[in-house]
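What you see is a predicted model, and the numbers here were worked out from it, not measured in a lab. In listed order, ligands and their atoms are each counted from 1.
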Amino acid sequence: PFDVLIVGGGPAGAAAAVYAARKGIRTGLVAERFGGQVMDTMGIENLISVPETEGPKLVAALENHVGHYDVDVMKLQRAEKLSVANDLVTIQLASGASLSSKTVIIATGARWRQMNVPGEAEYRNKGVAYCPHCDGPLFKGKRVAVIGGGNSGVEAAIDLAGIVSHVTLIEFDGQLRADAVLQRKLRSLSNVRVIVSAQTTEVKGDGQRVTGLVYKDRGTNDLRTIDLEGIFVQIGLLPNSDWLKGALELTNRGEIVVDAKGATSLPGVFAAGDVTTTPYKQIVIAMGEGSKAALSAFDHLIRMAVP
Ligand code: FAD
């Protein structure tokens, strides 16, 4: 068996692999797609000490760093089940094979829920964005919309209002769902307009960049167009944890509950990055949490009974 088996090859998984392997213990990493969300990212400007990079470039650097160590990397492998018996954790793969390890670190990340309207996929990274902390500054002085009136949508609108020239917040429901204190703050801002009972139906562009969006007024069924340069979709971040239901403690949103050390509800099983309850889903945070989970797994190993 492995000493540490990491499931996921994004920034959290890669950091965990480097930290584990540097302890000289038997380390494996399985990932469906090495690089994770970073593979879908264009400009990255907030990885501290790297003023500017691009997703695929950072993924190559992560892979190169992991490759400096003795890590058994198994790509294009999907984990489907986790079980524990006799101090060993078993991960069953979609291929039918299974792997066992004394400790496991889950770093399977998350994905942004999409609107699934025409133009959204075409203009992703060309005006359609999902992360205000990442891409907000790219829209300095421009007009943007935020889709979604929950806490993350309203927080994004407040954040962006300080950077861009104008924000239109679009909510499907008849009212916003964010906390009252956030809604009060939002309504105090002069460059924000809130539209409720509105369903976004199309992202418009000129072939290069976003130029506007179309929404349906759900009261009258009229279609209306807004001219703008950016659209931030804030309708939910879905953790990749479906395969863990019933195996360990998840929140009602599917995040793996972890403590300050990255420990889950199952002894010997740790988790890190976007799939966990750790707030603020960012690369630098995922890297830190992955490193921490590896140190916690090592700490667990040295306390295990000698066989
Ligand atoms: P992920 O990157 O999601 O990696 C998950 C890994 O797990 C992948 O290898 C995946 O294939 C694998 N996996 C999932 N399920 C399974 C399974 N069942 N079996 C095996 N493997 C599995 N953050 C920033 O800090 N700066 C930015 O500029 C920035 N821009 C972004 C732009 C976009 C478009 C997106 C989508 C995100 C952006 N982020 C940015 C957020 C950042 O990418 C994430 O916070 C970070 O990648 C999380 O790392 P992670 O390792 O937890 O998960």
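For ligand 1, the atoms lying closer than 4.0 Å to a non-hydrogen atom of Ala107 are 5 (C), 6 (C), 7 (O). Below 4.0 Å from some heavy atom of Gly273 lie the following atoms of ligand 1, by number and element: 52 (O). For ligand 1, the atoms lying closer than 4.0 Å to a non-hydrogen atom of Ala31 are 9 (O), 21 (N). Under a 4.0 Å criterion applied to the non-hydrogen atoms of Val38, ligand 1 contributes the atoms 47 (O). Every atom of ligand 1 is numbered from 1 in the order shown, and the set under 4.0 Å from a heavy atom of Asn46 is 24 (C), 25 (O), 26 (N), 27 (C), 28 (O).
If you check each of Ala286, Cys134, Gly9 against atom 30 (N) of ligand 1, the one with the closest non-hydrogen atom is Cys134.
For the pair Pro11 and ligand 1, the shortest N or O to N or O distance falls below 3.5 Å. Of the polar atoms of Tyr130, none of the N or O atoms is found under 3.5 Å from an N or O of ligand 1, judged by distance alone. Residue Gln282 has at least one nitrogen or oxygen atom sitting less than 3.5 Å from a nitrogen or oxygen atom of ligand 1, judged on distance alone.
Using a 4.0 Å cutoff on heavy atoms, Trp112 counts as a contact of ligand 1. Cys131 does not count as a contact of ligand 1, since none of its heavy atoms falls under 4.0 Å from the ligand. For the ligand labelled ligand 1, residue Glu289 lies outside the 4.0 Å heavy-atom shell.
Within the 4.0 Å heavy-atom criterion, neither part of Ala14 lies near ligand 1. For Glu45, no heavy-atom contact with ligand 1 is shorter than 4.0 Å.
In this structure, atom 18 (N) of ligand 1 lies nearest to the protein heavy atom Ala79 O, 3.1 Å. Closest to atom 33 (C) of ligand 1 among all protein heavy atoms lies Thr41 OG1, 3.5 Å. In this structure, the protein non-hydrogen atom closest to atom 43 (O) of ligand 1 is Gln37 CB, 3.5 Å.
The same ILVMFWY cluster, assembled from side-chain heavy atoms under 4.5 Å apart, contains both Val196 and Val146.
Evaluation of the ring-ring contact (aromatic ring centres under 6.0 Å, His included) rule for Phe232 yields Phe139 as partners, not counting sequence neighbours.
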